[in-house]
Amino acid sequence: EVQLVESGGGLVQAGGSLTLSCAVSGFTFNDYAIGWFRQAPGKEREGVSCITSSGATTYYADSVKDRFTISRDNAKNTVYLQIDSLNAEDTAVYYCATKCDLMATGQRYELYRDLEIWGQGTLVTVSS
């Protein structure tokens with residue numbers, strides 16, 4: 001079965017850290033860039049980070065740069081998103097997908113292939 005499964009969300013205090021995971025199965029993981037997106041209550045979904053298929057290049061939205069770190073382990077078919085210095089604005093459902101689409105330094109970065117798959121999302125709630 002082709003799927004992406006996110007995990008690692010939860011309730012975290014402001015200032016804390018969290019690492020989300022995106023486990024991939026059913027297709028050749030190494031062929032795909034993976035993007036993380038989030039959707040806060042009442043807001044549109046936004047791309048926050050992206051990692052290329054090899055892991056050599058990463059991208060971060062201006063709104064999260066310096067606090068988010070994306071990485072991948074191709075041996076484990078998993079992508080990670082570490083979030084530091086959490087604040088209330090980070091409260092959202094976080095999704096991973098086999099595509100990237102985000103704004104960074106005023107430029108749009110979009111990476112995609114033939115297969116577009118989304119995970120079901122994991123909720124991150126930041127308490128003050």
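FYI, the numbering just counts along the sequence from 1.
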With a 3.5 Å distance limit and no angle check, can you tell me whether [X] reaches the backbone of [Y] through a side-chain donor-acceptor pair?
X: S63; Y: A61; result: no
X: D62; Y: T105; result: yes
X: T52; Y: T57; result: yes

Taking side-chain contact (heavy atoms from CB on, under 4.5 Å) as the test, write out the residues that go with [X], two or more places apart.
X: A40; answer: K43, A92
X: I117; answer: V2, L4, T98, L115
X: S128; answer: none
X: T58; answer: I51, Y60, I70

List for me each residue that meets side-chain hydrogen bond (donor to acceptor under 3.5 Å, both in side chains) alongside [X], sequence neighbours excluded, and say none if there are none.
X: E1; value: none
X: D90; value: R38, R67
X: D73; value: none

>> Taking salt bridge (charged side-chain N to carboxylate O under 4.0 Å, His left out) as the cut-off, I'd like each qualifying pair that reaches into residues 6-25, sequence neighbours left out, listed once.
In response: none
For residues [X] and [Y]: do they belong to one hydrophobic cluster (side chain heavy atoms under 4.5 Å, members Ile, Leu, Val, Met, Phe, Trp, Tyr)?
X: Y80; Y: Y94; result: no
X: L81; Y: V12; result: yes
X: L111; Y: L102; result: yes
X: V126; Y: L20; result: yes

>> Holding to salt bridge (Lys or Arg N to Asp or Glu O under 4.0 Å), I want the full list of residues that pass it with E110, two or more places apart in sequence or in another chain.
In response: R108
> Which is it for V64 and S49 under the side chain to side chain contact (heavy atoms under 4.5 Å, CB included) test, yes or no, and what are the steps along the way?
Replying inline: CA-CA 8 Å; V64 304; S49 187; 5.6 Å; no
> Which residue pairs pass the ring pair (Phe, Tyr, Trp, His ring centres under 6.0 Å) test when at least one of the two sits in residues 101-128, sequence neighbours left out?
Replying inline: F37-W118, Y59-Y109
> Does V5 reach the side chain of C22, with side-chain heavy atoms less than 4.5 Å apart?
Replying inline: no
>> Per the side-chain hydrogen bond (donor to acceptor under 3.5 Å, both in side chains) rule, what does the pair list look like for residues 13-22, sequence neighbours excluded?
In response: S17-D84
> Looking at NZ of K99 and SG of C50, how far apart are the two atoms once the value is rounded to the nearest 0.5 Å?
Replying inline: 11.0 Å
>> Go through it in stages, so that I can follow the logic: the residues are L18 and V124, the test is side chain to side chain contact (heavy atoms under 4.5 Å, CB included), and I'd like the CA-CA distance, side-chain angles, deciding distance and then a yes or no.
In response: CA-CA 9 Å; L18 202 64; V124 174; 3.7 Å; yes
>> Please give me the minimum heavy-atom distance between N74 and N77, naming the atom from each residue.
In response: O-OD1, 3.2 Å
Quick one: side chains of residues 26-36, donor-acceptor pairs under 3.5 Å with protein atoms, not counting sequence neighbours, listed by atom name and distance.
{"from": "Y32", "atom 1": "OH", "to": "D114", "atom 2": "OD1", "distance (Å)": "3.1"}

